[in-house]
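The structure appears below as structure tokens.
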Amino acid sequence: MNLKLFFFLPIVLLTIAVVSGCYSQRELTDIAIVTATGLDKSEDGKYVQSFQIVDPGNISSGEQAKGGGQGPPITVYSAKGNNVSEINQKISKKVSRRLYFSHTQLLIISEKIAREDGLDHILDAFERDNQYRSTMIVVIAKGSKAEDFIKTLTPIDKNSGRKIVKSLEITENTSGENIKVNLKDVIDDLMSRGKEPLISGVELIGSKEKGQKMDTLQKTEPESLIEVDGMALFKNGKLVNWISGKTCRGVSIILKKTKIFNVNLDWKGKKNVIAYQSIRSNTDVSAKFQNNRPVVAIQIEIEGRISEANVPIDLSNPKVLVKLEKKIEKKIQKEIYAAINKAKKDKTDVFGFGELLYRSYPNKWKKIERKWNDVYFPEVQTKVGVNVFIRQTGSKNKSHMTELDS
Amino acid sequence: MAFSPNNHNQQQIQNDQRKPHHLNKSLAVNMDYLKKRIGNSTDVIFRSIKIGHKLALQLTIVYVEGIADDKKIDQYLISTIYNKRKFYDQSILQDTFNKIKDEVSSMGSVKQSENWEDILASLMSGNTIIFVDGIDQAIIANTAGGEKRSIEEPITQVSIRGARDGFIESIRTNTAMVRKRIQNPDLWLETFKIGRTTKTDVAIMYIKGIAKDEIVEEVRRRLKRINIDSILETGYIEQLIEDQTWTPFPTVYHAERPDVVAGNLLEGRVAIFVDGTPFVLLVPAVFIQFFQAVDDYYARFDISSALRFLRVLVFLLSIIVPAFYIAITTFHQEMIPTQLLIVLAAQREAVPFPVFVEAFLMEVAFEILREAGIRLPRPVGQTVSIVGALVIGQAAVQAGIVSPAVIIIVSITAIASFATPSYSIAISARLIRFIFMITASSFGFYGIFLGMVILTAHLCSLRSFGIPYLEPLAPFVPKNAGDTLVRLPLWSLKERPRLIVGENNIREGEHLRPGPPKTRSIRNDKTEGGRKDES
Amino acid sequence: MENAKIDKFQLFVLIYLFELGSTLLIPLGIDAKNDAWLAILLGMVGGFLLLSLYFALYQYHPDLQLTEYSIKILGKYVGWVVGFAYSVYFLYIAARVLRDFGDMLVTFAYPETPLFIINFMLIATIMYVIHKGIEVLARTGEILFVLMCLLGVLGFILICITGLIDFNNLKPVLEEGIKPVLNVVFTETLYVPFGETIAFTMIFPYVNNHKNMKLTGYAAMAGSGMVLVLTMAINIAVLGYGVTYRSQFPLLTTIQQIKIGEFLARLDIFFIIALMIGAFFKISIFYYGALFGFAALFNVKKISKLILPLGFIALLCSAAMARSAQEHIKIGLEYVPMFLHIPFQIIIPVLLMMTAFARKKFRK
């Protein structure tokens with residue numbers, strides 16, 4: 001009996017293994033790796049989703065590259081449908097493989113959808129499907145259709161999806177004018193009453209038709225460029241406004257997303273002649289109820305160095321440095337207030353002040369929850385304190401122009 | 001008794017077993033019988049000497065040339081008898097017989113026998129038989145000898161540091177080498193003759209008091225149980241005494257070096273020697289032993305631990321790597337970083353086979369190359385394997401039959417399997433690898449996981465002479481775990497393996513840890529270490 | 001009962017892996033919102049009490065398993081029925097966990113493979129290991145325990161490095177007071193997984209040295225309990241209450257968030273292995289309990305005869321017990337604790353205790 005059992009089991013196992021036909025198996029040649037996807041709306045109200053698919057033979061530099069990689073590194077397919085799942089079905093008519101989303105890094109949503117329909121109604125499939133990762137980055141397409149972005153070829157980074165993600169990363173860290181938002185953050189913010197989503201935007205500069213041809217990669221300056229630009233404010237899931245420029249930076253600072261950025265200073269009448277670069281910054285946001293009114297206090301500490309001084313200024317004098325510090329503090333404070341006011345004007349709390357109140361005062365929050373964005377948030381008192389330190393001035397102290405003057 | 005379907009042999013067996021055949025008083029009859037029995041084999045030498053005052057008594061000395069020490073026989077035995085041949089009193093035969101026996105005994109152990117079984121057995125072992133006409137007994141003198149290889153470096157278990165002597169084919173020399181290392185009267189030796197036709201000398205050695213009596217008894221029992229016609233190598237014995245046959249893992253360890261055997265004897269194991277082979281068995285064996293190299297104990301703890309750990313890791317790698325690759329490229333592509341995925345996908349575009357077939361083909365090809373390399377003479381063999389692998393691999397890639405990634409995978413696996421110190425374990429890994437590849441291609445990581453569980457459970461269920469195979473890892477014995485995946489410093493390995501040894505399991509004293517002297521003088525009074533018991 | 005011995009460390013390992021079992025998988029106690037971790041902690045405290053009850057019961061008949069001593073305590077007929085009920089209970093729970101685990105694999109890794117096949121593979125492996133006996137199961141546990149710890153530590157480190165943990169997500173603490181937390185404790189967390197240690201009443205007799213056995217049991221429960229608390233706390237800290245509540249398998253969602261550079265991302269499959277180990281042991285122990293329960297009740301001498309049929313019953317049961325993963329969870333939350341866990345984990349053991357106590361008194 002013992003021997004029989006011992007023989008029976010492996011044979012059955014083996015049979016099952018072979019006969020089962022390996023259900024969920026996917027050969028690498030059977031999948032189409034989607035690196036970015038875009039959502040648009042067509043004239044007849046249906047969704048159009050475009051998929052950026054990598055052509056491995058044209059990208060890789062291995063020995064196996066067939067024909068030496070002459071074609072474009074990506075191919076784009078799109079289909080129309082009522083919802084994301086339906087589009088998935090329809091796309092199979094065009095693509096010779098199964099679409100594989102585990103490596104999709106970017107989701108571009110057109111401004112039209114963001115403004116008119118709002119994001120609430122289309123993001124479910126991306127969250128539910130276990131192939132789409134919730135670490136996928138979301139951006140809003142400014143000006144053009146999402147599809148156009150997907151189709152654009154980019155130099156250096158072979159797939160434009162990756163390029164956009166990387167640009168966002170870098171700007172988030174170095175200038176703070178954009179932030180990298182992933183799908184999970186967006187959905188979290190959509191669901192929460194204490195914070196509204198804030199998504200970066202992308203813009204297409206140059207000719208979009210030319211950007212889709214291989215020729216654009218042959219030139220030193222490509223025909224069309226994808227640039228990350230601006231932030232979109234949302235309210236109740238719909239896009240209400242854009243912010244751009246230095247205000248964005250203010251928002252980034254409050255959201256603790258940026259550390260390194262550049263501040264220009266005027267000196268003795270000349271504008272923007274001194275540049276200060278921050279290295280580290282720490283933001284502390286706290287919210288509380290004072291006399292039953294919400295009050296928010298923001299405390300920012302920044303450390304950095306002087307990176308450029310185009311005027312005769314004596315940087316070796318600590319008092320001069322303190323003066324500069326005060327100037328920077330004022331400037332940043334202004335930016336922060338500007339950012340908060342912009343959000344207040346649009347009546348949408350993208351900073352998450354409401355959520356902070358919820359965390360510490362859940363009962364009081366419950367009372368004002370429903371009217372937070374429209375009534376209470378615009379009236380919230382904010383106190384912003386900035387503390388700037390200039391730690392170094394680079395490898396020189398006085399600027400060379402001090403020699404010229406004297 | 002299913003070994004000889006031949007009826008005649010069975011008859012002979014029964015005849016031999018029925019009654020011991022006695023010598024006849026007449027020398028002629030005995031010689032006749034002997035010659036018939038050995039079929040007039042021309043390497044059996046008969047020397048007749050006439051002894052006695054009147055040289056009337058016939059005496060015949062019989063020995064087998066080649067397996068008896070010819071020199072000894074010529075110089076001592078025959079010349080002694082020959083020189084004194086006139087001094088024997090032929091009238092009292094028994095006296096003469098005893099005198100001869102005494103004289104011969106000056107050169108070694110002597111006994112007498114009256115039955116053909118013993119005589120023939122001794123003759124075939126290289127002893128000399130002296131027949132005297134008129135007496136129905138014969139003298140058996142120990143003159144075993146013959147050509148043997150000189151002691152050289154062992155081929156299979158090479159060490160960087162440590163002795164360079166390895167076992168040879170003579171059982172007596174082998175046991176002597178072990179004796180030299182353990183100069184202790186508690187080292188006991190027992191001999192058996194196993195193999196109905198070959199009548200091979202088999203010996204076991206163990207240290208009384210350290211080895212568990214039950215284990216020694218069990219070894220004896222199993223050896224006695226063997227009923228086979230030939231024992232040509234310890235491998236035969238291994239396969240007949242092991243605990244489980246239906247497993248790819250060996251439960252008996254073998255060694256070619258006396259220091260390894262000595263070390264294992266000190267841990268309570270029993271060594272089994274077989275005449276005619278330099279490989280000595282050691283039982284009971286546990287899994288970890290197969291990952292211990294000789295040098296581990298001679299080198300310091302940090303490098304030993306790292307290498308030990310590496311070996312186990314490498315063993316696991318050699319089992320799992322191809323399966324892992326198959327699983328990850330067919331089921332779990334999300335785990336591969338995007339860039340790498342694109343590169344792999346590009347490679348696969350050019351290849352016509354599914355991953356499993358590719359990997360399987362290359363693995364089989366590699367196995368074939370390896371087998372080919374072993375059979376060829378040594379210098380040629382190495383070159384063929386390496387060149388063959390490289391060239392064939394390269395050509396296959398360029399022809400587009402396999403992808404470079406698979407070549408890399410197969411190479412890693414092959415190199416990993418070479419790093420395992422014990423050949424027997426490396427073989428088991430080679431077989432198991434294929435099973436894992438199959439499960440991986442059906443179920444991906446789930447299949448690999450289930451395979452690992454079954455493998456682990458299987459390993460856990462194995463026993464070697466009653467000792468759990470994965471001791472001291474599972475069941476976890478903390479005191480002994482210092483010598484498993486790592487090798488903690490020698491001064492901390494205080495106990496012998498608890499389950500193998502019985503009571504006497506302290507092998508080191510306390511406070512053995514060496515340290516620098518506390519004062520400027522050389523002596524360090526604090527840590528006298530093992531000297532404590534001496535004082 | 002088979003002739004086997006396990007030592008205390010093996011018992012520790014078995015209880016630890018059993019407790020972690022499929023619990024890491026499910027959103028345990030999430031009805032307590034941000035305080036789910038607190039619910040688990042309190043459940044653990046309750047678990048200590050239950051465990052002490054089972055130990056006390058064990059003391060009356062240290063050489064017998066639950067199904068055997070229930071006959072001794074309650075008499076031939078009632079005891080037999082109770083033993084039978086327990087065996088069926090154990091088998092049912094084994095099938096439940098099998099289903100839990102199969103659902104998870106189908107959702108996350110193998111969407112096209114039928115549940116039956118996945119479950120079949122696991123139950124076949126379990127049948128093989130159980131066939132070798134409890135000693136082999138314990139030793140396998142010792143080795144896989146190390147792997148489990150390694151994966152746990154690794155996961156924890158990776159999550160910390162990625163900086164995903166935001167302790168603010170755990171606030172507000174006790175938003176609605178302690179009452180909802182206690183509610184969750186007494187409807188969910190006390191029974192799963194802490195009360196399920198009732199299955200170990202079938203394993204206690206094998207421990208070779210009864211001294212300090214209780215300590216081992218408590219230590220194992222504490223260790224696994226703390227891991228569960230920590231895991232749930234991290235889940236909420238990383239994902240926030242909302243996502244955790246809506247996820248079928250929150251720990252996996254958390255692991256999916258790990259992204260360090262381009263290289264260390266999408267590592268969920270490694271952590272599925274940790275879940276597999278846990279599920280394997282949980283199902284094994286329950287299955288073992290059912291096996292020996294039935295064997296004792298029906299006087300079956302050769303245990304191996306029962307392995308195959310019981311395995312198939314468990315397999316079929318797991319496939320058929322619910323139409324969808326959601327229904328399965330609903331049954332598990334609404335019906336199972338009330339009708340199964342409370343009687344089998346609390347009521348009957350208390351009855352057994354009282355009866356055994358009374359009997360002892362009478363004998364005097």
Side-chain angles (χ1 to χ4, degrees), chain B residues 244 246-247 286-288 312-313 316 320 324 327-328 330-342 438-440 442-463 466-479 481 484-485 498-499, chain C residues 5-10 12-13 101-102 104-106 108-110 112-113 117-118 120-133 135-147 208 256 259 261-270 272-277 279-281 284:
Chain B
Q244 280 98 200
W246 298 108
T247 164
V286 291
F287 190 60
I288 285 296
V312 178
L313 193 67
L316 285 175
I320 295 192
F324 188 83
I328 221 181
T330 44
F331 287 89
H332 304 286
Q333 291 93 348
E334 68 259 13
M335 286 189 64
I336 312 177
T338 320
Q339 277 302 108
L340 185 59
L341 184 64
I342 296 178
I438 297 178
T439 53
S442 318
F443 287 99
F445 263 111
Y446 185 47
I448 296 182
F449 168 74
L450 289 180
M452 285 306 289
V453 170
I454 293 186
L455 187 68
T456 315
H458 179 76
L459 280 175
C460 289
S461 73
L462 291 175
R463 280 179 185 266
I467 310 294
Y469 197 53
L470 284 184
E471 194 259 355
L473 290 176
F476 187 63
V477 182
K479 286 252 164 70
T484 55
L485 289 178
R498 185 170 58 86
L499 290 182
Chain C
K5 285 276 165 221
I6 62 176
D7 66 36
K8 282 196 288 271
F9 182 65
Q10 289 173 336
F12 175 88
V13 158
F101 178 71
M104 185 271 293
L105 273 187
V106 167
F108 265 96
Y110 305 104
E112 291 92 15
T113 316
I117 300 277
I118 289 189
F120 172 78
M121 302 294 298
L122 189 59
I123 200 77
T125 313
I126 291 179
M127 283 200 278
Y128 172 77
V129 181
I130 296 282
H131 164 71
K132 301 242 171 210
E135 281 193 8
V136 173
L137 187 68
R139 283 184 227 148
T140 316
E142 283 182 290
I143 297 194
L144 291 179
F145 171 72
V146 175
L147 185 59
N208 60 1
Q256 283 180 333
K259 190 168 178 169
E262 185 51 39
F263 178 58
L264 284 173
R266 300 176 279 265
L267 295 177
D268 14 324
I269 205 71
F270 275 139
I272 289 187
I273 294 181
L275 295 173
M276 285 193 211
I277 298 177
F280 176 80
F281 279 94
S284 294

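In what follows, every chain begins at residue 1, and chains take the letters A, B, ... in the order their sequences are listed. All of these numbers come straight from a predicted model, not from anything done at the bench. Computed over heavy atoms, backbone and side chain alike; hydrogens, waters and symmetry mates excluded.
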Portion of [X] that has a non-hydrogen atom of chain B nearer than 4.5 angstrom:
| X | value |
| --- | --- |
| C:I6 | neither |
| C:I273 | both |
| C:A109 | side chain |

Under 4.5 Å from any heavy atom of chain C - which part of [X]:
| X | value |
| --- | --- |
| B:L473 | backbone |
| B:F449 | side chain |
| B:I448 | neither |

* Asked: Relative to each other, are the rings of C:F12 and C:F9 parallel, tilted or perpendicular (30° and 60° limits)?
  -> parallel
* Asked: According to the interplanar angle, ranging from 0 to 90°, do the rings of B:Y469 and B:F287 count as parallel (below 30°), tilted (30 to 60°) or perpendicular (above 60°)?
  -> tilted
* Salt bridge flag under 4.0 Å for residues C:R139 and B:E471 -> no
* Structure fact -> Counting heavy-atom pairs under 4.5 angstrom with chain C, the leader among B:L450, B:T456, B:L459 is B:L450
* With sequence neighbours excluded, tell me which residues meet side-chain contact (heavy atoms from CB on, under 4.5 Å) with C:A279. => C:F101
* Asked: For the residue pair C:F281 and C:L137, what are the closest heavy atoms and their distance?
  -> CE2-O, 3.6 Å
* May I ask you to name which of C:I272, C:I126, C:L122 has the most heavy-atom pairs under 4.5 Å with chain B? => C:L122
* With no hydrogens and no angle check, is any side-chain donor or acceptor of B:Q333 less than 3.5 Å from a backbone partner on B:I328? -> no
